[in-house]
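Since the structure comes first, as structure tokens, the remarks are kept for the end.
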Amino acid sequence: MTRLRTAILISGRGSNMDALIAASKDPSFPADIALVLSNRPDAPGLAKAKAAGVATAAVDHKIYAGREEFERSLQIALETYRIEFICLAGFMRLFTPWFIKQWRGRMLNIHPALLPAYRGLDTHERALADGVKIHGATVHFVVPEMDEGPIVAQVAVPVLDDDTPETLAARVLAQEHVVYPMALRLVASGALRIEGNRVLGALAPHETALIVPDAAAAPRRIS
Ligand code: GAR
């Protein structure tokens with residue numbers, strides 16, 4: 001089996017990166033994490049990736065005159081490592097249309113909300129302020145519009161009465177670590193196709209729609 005040479009782009013702690021690397025250690029996983037790249041040389045995730053035996057690189061956005069110059073350097077690093085696919089995992093820079101065009105249909109992002117609700121930042125604070133009862137995370141293909149693009153998979157968790165932004169974030173994050181490897185496995189295996197704004201072709205609902213019925217439980221299959 002040829003595995004899809006995948007880069008994970010991070011800006012910080014890299015817990016989703018950890019989950020993707022762990023999943024890729026299974027030889028049957030269809031993606032190989034060939035590079036972890038950060039725009040912040042001090043991102044804690046870089047050391048964790050190195051410790052896991054994954055190649056790392058940093059392209060510091062601060063030393064470039066503009067976004068496109070920064071992205072051209074990113075692109076060179078990605079080409080050097082013969083990267084075929086990108087997973088954004090807490091990568092906190094917006095891309096220009098130029099970069100997104102290079103990777104259209106070949107770049108996933110994870111967002112800590114049930115898109116299209118709560119695009120942007122502070123998703124957990126905003127969900128609590130709105131009093132929603134269900135919150136979650138979304139894995140989607142990246143398009144030029146921020147936090148838009150065809151949705152591959154989502155996971156829903158309950159919001160509890162005594163939640164703070166931190167407890168809710170932690171509950172969502174634990175499930176991000178489940179849903180992201182699941183989504184990458186499906187995409188990298190070639191099982192899915194994009195039609196307009198929809199991603200189709202999963203064999204069963206539980207492959208793309210996870211519902212965590214209570215705060216402590218693992219995702220329940222809804223097939
Ligand atoms: C995750 O919760 C991810 O969903 C979020 O940043 C966190 C990164 O954590 N991403 C975004 O907000 C992107 N808009 P991690 O570095 O531990 O994976």
Side-chain angles (χ1 to χ4, degrees), residues 6-24 31 33 35-52 54 56-59 61 67 71 74 85-96 99-100 103 107-129 132 134-157 159 163-184 187 208 210 212 215 219:
T6 301
I8 304 174
L9 270 54
I10 63 168
S11 297
R13 85 193 142 184
S15 72
N16 277 291
M17 172 205 80
D18 282 338
L20 292 169
I21 292 174
S24 75
I33 308 305
L35 178 66
V36 169
L37 217 167
S38 177
N39 64 308
R40 293 191 36 190
D42 59 349
L46 284 176
K48 290 197 276 176
K50 264 187 211 143
V54 177
T56 61
V59 179
H61 66 274
R67 278 204 286 165
E71 291 173 355
L74 273 189
F85 198 87
I86 293 176
C87 288
L88 304 179
F91 186 74
M92 303 311 267
R93 306 291 303 170
L94 290 176
F95 290 121
T96 65
F99 188 82
I100 289 171
W103 294 96
M107 178 157 57
L108 293 179
N109 180 45
I110 188 155
H111 182 73
L114 290 172
L115 291 173
Y118 306 115
R119 297 183 175 118
L121 298 174
D122 302 325
T123 55
H124 310 302
E125 286 87 338
R126 288 156 58 210
L128 283 177
V132 300
I134 298 174
H135 188 44
T138 302
V139 179
H140 64 98
F141 283 99
V142 177
V143 297
E145 298 75 28
M146 187 187 72
D147 298 332
E148 292 188 29
I151 290 172
V152 177
Q154 292 186 303
V155 59
V157 303
V159 178
D163 265 332
T164 62
E166 292 72 32
T167 60
L168 184 54
R171 188 174 311 116
V172 171
L173 188 66
Q175 301 308 323
E176 291 183 41
H177 300 160
V178 178
V179 75
Y180 209 172
M182 196 181 79
L184 178 58
V187 171
T208 52
L210 300 178
V212 181

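One-based numbering, in listed order, for ligands and for the atoms of each.
Sorted by chain and number, the heavy-atom contacts of ligand 1 below 4.0 Å come from R13, G14, S15, N16, G90, M92, I110, H111, P112, L173, E176.
Side-chain N or O atoms of S11 include one that pairs as donor or acceptor with a backbone N or O of M92 at under 3.5 Å.
Listed by chain and residue number, H61 satisfy the side chain to side chain donor-acceptor pair (under 3.5 Å) test with R93 (two or more places apart in sequence, or in another chain).
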Determine all donor-acceptor pairs shorter than 3.5 Å in which one atom belongs to a side chain in residues 15-23; sequence neighbours excluded.
residue	atom	partner	partner atom	Å
S15	OG	H177	NE2	2.8
N16	ND2	E176	OE1	2.9
D18	OD2	K48	NZ	3.0

Can I get a per-line list of side-chain donor-acceptor pairs under 3.5 Å for residues 143-151, giving both atom names and the distance, sequence neighbours left out?
residue	atom	partner	partner atom	Å
D147	OD1	H111	ND1	3.4
D147	OD2	G120	N	2.7

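Residues K50 and T56 approach most closely at CE-OG1, 3.2 Å, considering heavy atoms.
By the 4.5 Å heavy-atom criterion applied to side chains, L88 and W103 are not counted as neighbours.
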